[in-house]
Colleague: 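Quick one: this structure, given as structure tokens, is what I'll be asking you about.
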Protein chains: 2
Amino acid sequence: MSRRVTSQDVADLAGVSRTTVSFVLNDVHRFSIRPETAEKVRLAAQQLGYYPNASAKALASNQTKNIGLIISRAPQYIASDPFLPQILSGLLDALKENSQGLLLEWVEPGQQLQTYLELTRAHHIDGMILMTPRLDDPGLRALEEADIPVVLMGYIPGSSLHSVDVDNLAAAETAVSHLIKLGHRCIACITNAALPYTSATQRLDGYKIALQKAGIAFDPALVREADFDIRSGYRAMKSLLESKQKFTAVFVASDNVALGAYSALSEAGLSIPDDISIVGFDDIPMASFVSPTLTSVAVSGQEIAIESYNLLTRLMRGDLPESRSVTLPTRLIPRQSSREIGRRGKRGAEN
Amino acid sequence: MSRRVTSQDVADLAGVSRTTVSFVLNDVHRFSIRPETAEKVRLAAQQLGYYPNASAKALASNQTKNIGLIISRAPQYIASDPFLPQILSGLLDALKENSQGLLLEWVEPGQQLQTYLELTRAHHIDGMILMTPRLDDPGLRALEEADIPVVLMGYIPGSSLHSVDVDNLAAAETAVSHLIKLGHRCIACITNAALPYTSATQRLDGYKIALQKAGIAFDPALVREADFDIRSGYRAMKSLLESKQKFTAVFVASDNVALGAYSALSEAGLSIPDDISIVGFDDIPMASFVSPTLTSVAVSGQEIAIESYNLLTRLMRGDLPESRSVTLPTRLIPRQSSREIGRRGKRGAEN
DNA sequence: AGCAACTATTAACGCGCGTTAGTAATGATT
DNA sequence: AATCATTACTAACGCGCGTTAATAGTTGCT
């Protein structure tokens, strides 16, 4: 149990003061240090295997070098989320460059305020990214006034917080229009999540607008709510089928949920796209590997993560961006699961 | 920009000393405090919205209240990992009870030593869990000597570090035996990852042993290596098909990879399980929702996470468990993707 | 020589908290 | 009455580091 190596040890070995060590290792150029001295210090540090204590550094500098990713969902809802790894992938990649750490947290509905206060006031993190925020999150107000940089992954109307998101409404509209162009008129919709999640509401709105523009009446009986995971997609589709409503296509606002819908359709002996066309959302990796391959709206989780991080770092540096929100592009990727109405054929033949 | 609230403020308002505040808020019973005094302190703290500064607390107590989850993989390899969310889900759930934080890190091969040293010496975390460790990780030795609790998610032969894992070898053997019992003799294998990952090696070994016990010669030409993601499964299966080797079943040591294999088979016009039987590994949520549903070895990511965390907390408390490693059960779940050889029938008919 | 203007370095303070050693006040025991 | 134990609290130090204000050392200029 060897004693911990402190900057004093480095100073002693190098024959300088602790201050000099700090200046050298932190590249403080304001006070000039002779190159040979700096070299001596660096050598001593390396020789001793010196790593500055994170807590002490954080305390003295008032910077933890950690950012927080807060997920507004209970753990059981993230267990089967194929989108989260993409976010993490992008974030971890970006963080490494600045040698920052990522603190992962989740908040349960009802505890948001408490959690945010704890996180910001206790200063565990220098900035935070809020994933899938909820419209009814009472803690957001507190964050607006907290003196810590915050970026929302997802848009909250009326909030003064900065945000990064795709244009969910337009993307959903494009997806549904795609189905309409293929001749479909009876189009059901399964949301990606409960409606307090803005992305769910926006995508549903996009669906409605597309219908409206095509002069199709919106029918609430054709809408089901899912909640992130596959099982909920399975249930939603089953419920649609059992309702005896007629429809020839379904817009499912999440690929993961869509794959649950696949399962329900297959179980019912219905063929995609011969009987039912499906359009998903997110373009998760699996979308191009299931059978039939899933038409989807491509959203890059990595890109959202990187963009969020960039925005956050700018906020942390103090230079306010001109715009409050960054909107990322989406792209509809037609695949086998959506097809002209009435047309039948060997699946995948057109690839 | 209101000044930060410190414990001194609380002390002043309550009319006691800072020490007393500390005793009350940290439930230090060694020095008894009169109940009324304690109540005064708690009230003052609440009134001021006092949250103890995490860095200062960490520095003084030598405990960060954070544990680290280290992933031995580059970000692009985690982007499509459906198993990671399960681990995170379990871990986050367990952590909340002890109000600890989760610091997520990844290490790139070649940087392990450096990263581990930084993480432990700089004392960012109180303990660490190492996910998917590699056999050839040169940093593990250093961790054995570091005075920080470490738990490996996955077994490394010869390491003195504690570990939590499923019995990969036995599980793989069971999976392959299942195929053999169904009459298959020519069974290919696609690994879940590169062989330096022990889970990959062990599962491959299980495959070999099952063959051996059945008196089937091992043929290296029937083995392909994948690396976590779907695409690699697609490639591996494609390579198998193009090799013109004959086989009637494939053991794929990862569900995610197996779904890539599904795609390649479907593209080649082959039917599962009529032409080829498939057994996967992990039983990710999607396994029971794809078509045909995927026979798999059930491994609970949540359980692994929770067990790892329990082990870690015990190590952090200082009471060494009797055994160095915890082995979790697995269970083969037969589904539609594996079927008696030669038998043909309508897919899913037996459900 | 004398003064200013740098350059290189350090002493010393503060960040906010945990904790030990010690004090004052009260009650119990001889 | 004197001693001791117990209760209820506090003064003061240390955790390891960043940083400011001050100090010695050097060079340039008149």
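What you see below is based on every heavy atom in this structure, not just the backbone, and it leaves out hydrogens, waters and symmetry mates. A, B, ... follow the sequence lines: proteins, then strands. Residue 1 opens every chain.
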Colleague: With no angle test and no hydrogens, is the base of dT19(D) tied to the side chain of Thr19(A) by a donor-acceptor pair under 3.5 Å?
Modeller: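 Indeed there is one.
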Colleague: Return no unless some side-chain N or O of Lys57(A) is found under 4.0 Å from OP1 or OP2 of dG16(D).
Modeller: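 For dG16(D), neither OP1 nor OP2 has a side-chain N or O of Lys57(A) closer than 4.0 Å.
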Colleague: I'd like to know whether OH of Tyr77(B) has more than 12 heavy-atom contacts from other residues, nucleotides or ligands below 6.0 angstrom.
Modeller: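 No - once you tally the heavy atoms of other residues, nucleotides and ligands closer than 6.0 Å, there are 12 at most.
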Colleague: For dA8(D), does the base pair up with any side-chain atom of Thr37(B) as donor and acceptor (N or O, under 3.5 Å, distance only)?
Modeller: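 No, the side chain and the base share no sub-3.5 Å donor-acceptor pair.
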Colleague: Students often get this wrong, so: under 4.0 angstrom with heavy atoms, is Thr6(A) touching a base, only sugar-phosphate, or nothing?
Modeller: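 It contacts sugar-phosphate atoms only.
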Colleague: Under 4.0 Å between a side-chain N/O of Thr20(B) and OP1 or OP2 of dT10(D), yes or no?
Modeller: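 The answer is yes; a side-chain N or O of Thr20(B) sits under 4.0 Å from OP1 or OP2.
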Colleague: Within this structure, what is the CD-to-P distance between Gln8(B) and dG14(C), rounded to whole angstrom?
Modeller: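 Rounded to whole Å, this separation is 14 Å.
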Colleague: For His124(B) and dG16(D), give me the distance from atom NE2 to atom P, rounded to whole Å.
Modeller: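 Nearest whole value for this atom pair: 15 Å.
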Colleague: Looking at Ser7(B), I'd like to know whether one of its side-chain N or O atoms comes within less than 4.0 Å of OP1 or OP2 on dG16(C).
Modeller: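 The answer is no; no side-chain N or O of Ser7(B) sits under 4.0 Å from OP1 or OP2.
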Colleague: Which salt bridge (charged side-chain N to carboxylate O under 4.0 Å, His left out) pairs, counting each pair once, include a residue from residues 69-79 of chain A, with sequence neighbours left out?
Modeller: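 Checked against salt bridge (charged side-chain N to carboxylate O under 4.0 Å, His left out) - neighbours excluded - the pairs reaching residues 69-79 of chain A are Arg73(A)-Asp81(A).
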Colleague: Could you state the CG-C1' distance from Asn62(A) to dC15(C), rounded to the nearest angstrom?
Modeller: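 Taking CG of Asn62(A) and C1' of dC15(C), I get 8 Å after rounding.
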Colleague: From the set dC17(D), dC15(D), dT20(D), return the single nucleotide nearest to any side-chain atom of Arg30(A).
Modeller: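 Of the options given, the side chain of Arg30(A) lies nearest dT20(D).
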Colleague: Have a look at Val28(B) and say if it touches a base, only the backbone sugar-phosphate, or nothing, with a 4.0 Å heavy-atom cut-off.
Modeller: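 The answer is nothing, as Val28(B) stays clear of every strand by at least 4.0 Å.
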Colleague: Could you tell me the separation between the CG atom of Asp12(A) and the C1' atom of dT10(C), rounded to a whole number of Å?
Modeller: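 Between C1' of dT10(C) and CG of Asp12(A): 14 Å.
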Colleague: In this structure, how many angstroms lie between the C1' atom of dG18(D) and the CZ atom of Arg18(A), rounded?
Modeller: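 Rounded to the whole Å, the gap is 8 Å.
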Colleague: Please check the phosphate of dC9(D) (OP1 and OP2 only) for any side-chain N or O of Ser17(B) closer than 4.0 Å.
Modeller: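 Answer is no, no contact under 4.0 Å.
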Colleague: Does a side chain donor of either Tyr197(B) or Asp137(B) reach within less than 3.5 Å of an acceptor in the other side chain?
Modeller: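 No pair is found: no donor N or O on one side chain lies under 3.5 Å from an acceptor on the other.
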Colleague: Looking at Tyr51(A), does any N or O in its side chain come under 4.0 Å of the phosphate oxygens OP1/OP2 on dC17(D)?
Modeller: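 So the side-chain polar atoms of Tyr51(A) never come under 4.0 Å of the phosphate oxygens OP1 or OP2 of dC17(D).
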Colleague: Is any side-chain N or O of Arg4(A) closer than 4.0 Å to OP1 or OP2 of dG16(D)?
Modeller: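 Yes, such a contact exists.
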Colleague: Ignoring backbone atoms, test whether Arg34(A) places a side-chain nitrogen or oxygen under 4.0 Å from the OP1 or OP2 oxygen of dT9(C).
Modeller: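 So the side chain of Arg34(A) is within the cut-off, an N or O lying under 4.0 Å from OP1 or OP2 of dT9(C).
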Colleague: Counting N and O atoms only, with roles assigned by atom type, does the side chain of Asn26(A) sit under 3.5 Å from a partner on the main chain of Val28(A), one being a donor and the other an acceptor?
Modeller: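 Checking the backbone N and O of Val28(A) against the side chain of Asn26(A), no donor-acceptor pair under 3.5 Å is found.
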Colleague: Would you indicate, yes or no, if dG18(D) has its OP1 or OP2 atom less than 4.0 angstrom from a side-chain nitrogen or oxygen of Asn26(A)?
Modeller: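 Yes, Asn26(A) has a side-chain N/O under 4.0 Å of OP1/OP2 on dG18(D).
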Colleague: How long is the line joining CZ of Phe23(A) and C1' of dA21(D), in whole Å?
Modeller: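 So the CZ-C1' distance, Phe23(A) to dA21(D), works out to 11 Å.
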Colleague: Please check the phosphate of dC17(D) (OP1 and OP2 only) for any side-chain N or O of Ser22(A) closer than 4.0 Å.
Modeller: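 So the side-chain polar atoms of Ser22(A) never come under 4.0 Å of the phosphate oxygens OP1 or OP2 of dC17(D).
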Colleague: Base, sugar-phosphate, or nothing for Leu59(B), non-hydrogen atoms under 4.0 angstrom?
Modeller: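 Counting heavy atoms under 4.0 Å across all strands, the contact made by Leu59(B) includes a base.
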Colleague: Specify the separation, in whole Å, of atom NZ of Lys65(A) and atom P of dC17(D).
Modeller: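 It works out to 16 Å between those atoms.
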Colleague: State which residues pass ring pair (Phe, Tyr, Trp, His ring centres under 6.0 Å) with Phe23(A); sequence neighbours excluded, sorted by chain then number.
Modeller: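 Here the qualifying residues are Phe31(A).
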Colleague: More 5' along DNA chain D: Ser32(B) or Ala56(B), using each one's nearest nucleotide?
Modeller: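 The residue whose closest nucleotide sits nearer the 5' end is Ser32(B).
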Colleague: Can you work out whether Ser55(B) or Val16(A) has the more 5'-proximal nearest nucleotide on DNA chain C?
Modeller: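 The answer here is Val16(A).
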Colleague: To the nearest Å, give me how far apart CZ (Phe31(A)) and P (dT20(D)) are.
Modeller: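 About 6 Å, once rounded to whole Å.
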Colleague: Got more than 12 heavy atoms from elsewhere within 6.0 Å of CD, Glu144(A)?
Modeller: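 Buried by this count: over 12 neighbours within 6.0 Å.
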